[in-house]
Protein chains: 2
Amino acid sequence: MAEESRPVPTKSRTATLTDVARLAEVSIATASKALNGRDQVKAETRARVIAAAEKLSFSPNALARGLLAGRTGSVGLLTSDLEGRFSIPVLMGTEDAFGAGRMSVFLCDARGDSIREQHHLQSLLSRRIDGLIVVGSRTDPRPSLGRNLPVPVVYAYAPSESPDDLSLVSDNVGAGRLAVEHLIACGRTRIAHITGDPAYKAAQDRAAGARATLEEAGLPMAGGQVLFGSWTEGWGRGATRMLLANTPEVDAIFCGSDQIARGVLDALREHGRDVPGDVAVVGFDNWEVLAANARPQLTSIDMNLEHLGRVAAQRLFAAIDGKTGSGIESMPCRLVPRESTTAQG
Amino acid sequence: MAEESRPVPTKSRTATLTDVARLAEVSIATASKALNGRDQVKAETRARVIAAAEKLSFSPNALARGLLAGRTGSVGLLTSDLEGRFSIPVLMGTEDAFGAGRMSVFLCDARGDSIREQHHLQSLLSRRIDGLIVVGSRTDPRPSLGRNLPVPVVYAYAPSESPDDLSLVSDNVGAGRLAVEHLIACGRTRIAHITGDPAYKAAQDRAAGARATLEEAGLPMAGGQVLFGSWTEGWGRGATRMLLANTPEVDAIFCGSDQIARGVLDALREHGRDVPGDVAVVGFDNWEVLAANARPQLTSIDMNLEHLGRVAAQRLFAAIDGKTGSGIESMPCRLVPRESTTAQG
DNA sequence: TTGTACGCGTTATCAC
DNA sequence: GTGATAACGCGTACAA
């Protein structure tokens with residue numbers, strides 16, 4: 001259990017440039033130049049100043065500097081939903097990119113509430129961030145924050161509804177194509193698609209890509225149509241049972257998520273179908289915990305979300321430097337082959 | 001694809017207090033008082049100032065304010081590993097608590113690298129954060145950042161090695177007790193424990209709690225000893241097979257993680273054991289995606305990590321106000337009952 | 001090469 | 001009630 005501690009020995013106030021200057025016996029102007037690498041200062045003087053700074057463990061006050069410079073070297077990261085597992089990798093990517101660029105990141109979670117979002121936005125603006133990244137939790141377009149913000153904004157994962165904004169998204173249509181092309185390349189011809197809630201644009205996009213690719217190859221959609229449902233293992237199991245009953249000749253299933261795929265694998269095993277011998281399975285999200293631990297290990301589509309976040313950071317950097325862009329920039333996904341599609345049936 | 005946009009119409013510089021004062025035809029001193037609710041200003045004047053502020057969509061510069069006040073209203077959140085799923089809930093809790101208190105949160109991910117951690121720490125200090133929360137990804141103690149930082153620090157999830165620091169952790173020993181007590185209450189007497197890597201303190205603590213509770217009840221540890229392995233489904237399956245071979249009379253399994261538990265459920269089903277009829281199963285982490293979608297749904301231990309994060313934020317608030325504490329504060333876990341233990345065999 | 005002085009945007013203290 | 005004015009800590013013209 002925690003105890004109250006004795007009063008801490010008086011913390012010495014953090015050193016200021018004035019302190020350093022005094023110790024080095026120069027003016028604060030000279031101290032500033034010495035520490036910032038300006039070349040109008042004698043080497044010996046600079047050394048003395050640097051030594052003094054070290055000794056006082058001086059660290060320049062970023063607030064004062066920002067006040068003067070008009071730029072703070074900080075950006076906002078406004079997420080609508082930290083819980084959703086899609087925000088996290090995007091967030092990691094941006095944090096990584098900004099950290100490398102000596103930028104600090106303010107994290108705000110609006111929890112899907114637009115009131116809270118506005119509140120956070122005001123707070124960020126009052127802190128004079130240099131730019132803002134808005135991360136959504138679904139691929140459906142979200143309302144724009146507007147064009148008259150004093151800082152550039154980049155939307156990631158969930159695009160802005162306004163084409164005037166710059167948005168970075170995953171190419172879900174392309175991902176659907178990727179999955180079906182892979183299955184066709186594996187020699188499959190009776191390919192079904194089991195996916196989640198049809199109200200999600202992600203579901204529609206992936207299905208569109210899958211449909212288009214099948215049509216171009218002159219192949220039918222096994223099961224007659226895309227099987228929409230929910231993003232759960234339970235739906236994966238249920239849909240598979242229906243599918244096996246109606247279309248027993250199915251030899252491949254493209255799933256809208258790894259969770260669904262886990263349910264599909266489960267049901268296939270129950271019905272004695274070998275994977276990938278009888279039926280090949282492709283998942284979506286490449287969620288390691290699910291995909292890599294499945295039996296057999298699950299081939300899956302990776303949206304490269306961390307990369308998406310990094311690119312978002314780069315675009316924001318560029319925008320801060322005045323090179324603004326607009327429109328929706330679509331990033332390719334990649335297929336990660338594992339056991340559930342490798343062997344040839 | 002994104003296109004270059006035409007040069008944006010000149011953004012009007014964000015309004016300052018001077019602008020507001022000029023528009024309201026008062027001095028900046030009066031404007032400041034009016035906006036900050038000081039009571040030495042005529043109502044009519046105040047209204048005029050507020051109107052002017054609205055019109056210019058004035059937002060006070062937090063940098064200037066912080067420079068003067070000596071407090072910035074921002075805190076640092078230093079995580080060692082954003083990828084690990086334990087950091088996220090803690091982080092959500094702290095973000096939530098601080099957001100409500102009008103504090104902004106700087107997010108830094110050190111990626112388990114102490115060099116990067118030092119770098120982030122310096123960056124945060126230069127931004128004059130009011131306090132710092134350090135979130136680890138494992139429950140093993142981590143090196144202290146030291147006692148001579150200019151701001152209070154609270155360690156969450158992973159405690160500091162130094163008892164002089166304040167740390168908040170989950171009570172893993174208590175959680176082990178909780179699980180076994182529940183199984184005993186369900187009428188089980190031949191209880192096994194399959195868990196992860198023995199190098200993790202979490203594994204040792206949970207095992208210790210389980211052992212102690214069994215001893216107190218005069219029950220043996222089924223299987224003869226705790227089955228340590230890795231935090232994977234694969235180990236859950238493998239360990240279960242061994243267990244069923246050596247100790248077929250086992251009637252309950254307490255698992256060190258939900259992933260392990262999923263493997264255990266899998267193997268039990270394969271061997272024709274009914275859950276919970278023949279064998280009851282308890283998981284750990286209460287990871288919804290795994291626990292709630294298991295067949296049967298998995299009873300699991302929840303570490304209340306979001307709450308842990310919120311309490312960490314409260315402790316930091318208190319420390320900022322001068323009420324510092326120290327030592328390790330242990331937060332209770334809770335058992336979430338689901339199908340895998342409810343029915344009586 | 002070094003030092004002086006101003007200003008970034010606010011708030012608080014004091015006069016008026 | 002209101003308005004000058006001095007800080008907060010720093011960078012940078014400009015003067016010395």
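Numbered from 1 within each chain, the chains take letters A, B, ... in sequence-line order.
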Notebook entry, point to check: Given that B/L67 and B/Q40 both sit by DNA chain C, which one's nearest nucleotide is further toward the 5' end?
Noted result: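 Its nearest nucleotide being more 5', the pick is B/L67.
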Notebook entry, point to check: Quick one: on DNA chain C, does A/I28 or A/D39 contact a more 5' nucleotide (nearest heavy atom)?
Noted result: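 Its nucleotide being nearer the 5' end, the pick is A/D39.
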Give a yes/no answer on whether the side chain of [X] brings an N or O atom under 4.0 Å of OP1 or OP2 in [N].
X: B/S32; N: C/dT10; value: no
X: B/R65; N: C/dG9; value: no
X: B/S27; N: D/dG3; value: yes
X: B/T45; N: D/dG1; value: no
X: A/T16; N: D/dC10; value: yes
X: B/R38; N: C/dA12; value: yes
X: B/N61; N: C/dC8; value: no

Check: Does a side-chain N-to-carboxylate-O contact under 4.0 Å join B/D81 and B/R111?
Finding: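 The answer is no: the pair does not qualify as a salt bridge.
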Residue [X], side-chain heavy atoms: nucleotide from [options] that is nearest:
X: B/T30; options: D/dG3, C/dT10, C/dT1; result: D/dG3
X: A/N36; options: D/dG11, C/dG3, D/dG9; result: D/dG11
X: B/L68; options: C/dG3, D/dA7, D/dC10; result: D/dA7
X: B/P60; options: C/dT10, D/dC10, D/dG3; result: C/dT10

Notebook entry, point to check: How close do A/G73 and A/D130 get, heavy atom to heavy atom, and via which atoms?
Noted result: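 So the two residues come closest at N-OD2, 2.7 Å.
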Next item on the list: For residues B/S162 and B/S144, report the shortest heavy-atom separation together with the two atoms involved.
Entry: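 The answer is CB-CB, 3.9 Å.
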Provide, to the nearest angstrom, the distance between the [atom1] atom belonging to [X] and the [atom2] atom belonging to [N].
X: B/L35; N: C/dT11; atom1: CG; atom2: P; value: 8 Å
X: A/L63; N: D/dG11; atom1: CG; atom2: P; value: 13 Å
X: A/K33; N: D/dG9; atom1: NZ; atom2: P; value: 21 Å
X: B/R71; N: C/dA12; atom1: CZ; atom2: P; value: 12 Å

Check: Within a strict 4.5 Å, meaning less than it, do heavy atoms of the A/L67 and B/N61 side chains meet?
Finding: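 Yes, side chains in contact.
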Margin query: Base, sugar-phosphate or nothing for A/L17? Non-hydrogen atoms, less than 4.0 Å.
Written below: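 The residue A/L17 makes sugar-phosphate contact but no base contact.
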Next item on the list: Calculate, to the nearest 0.5 Å, the distance between atoms CD1 and CG belonging to A/I88 and B/L91 respectively.
Entry: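 Between A/I88 CD1 and B/L91 CG, I get 7.0 Å after rounding to 0.5 Å.
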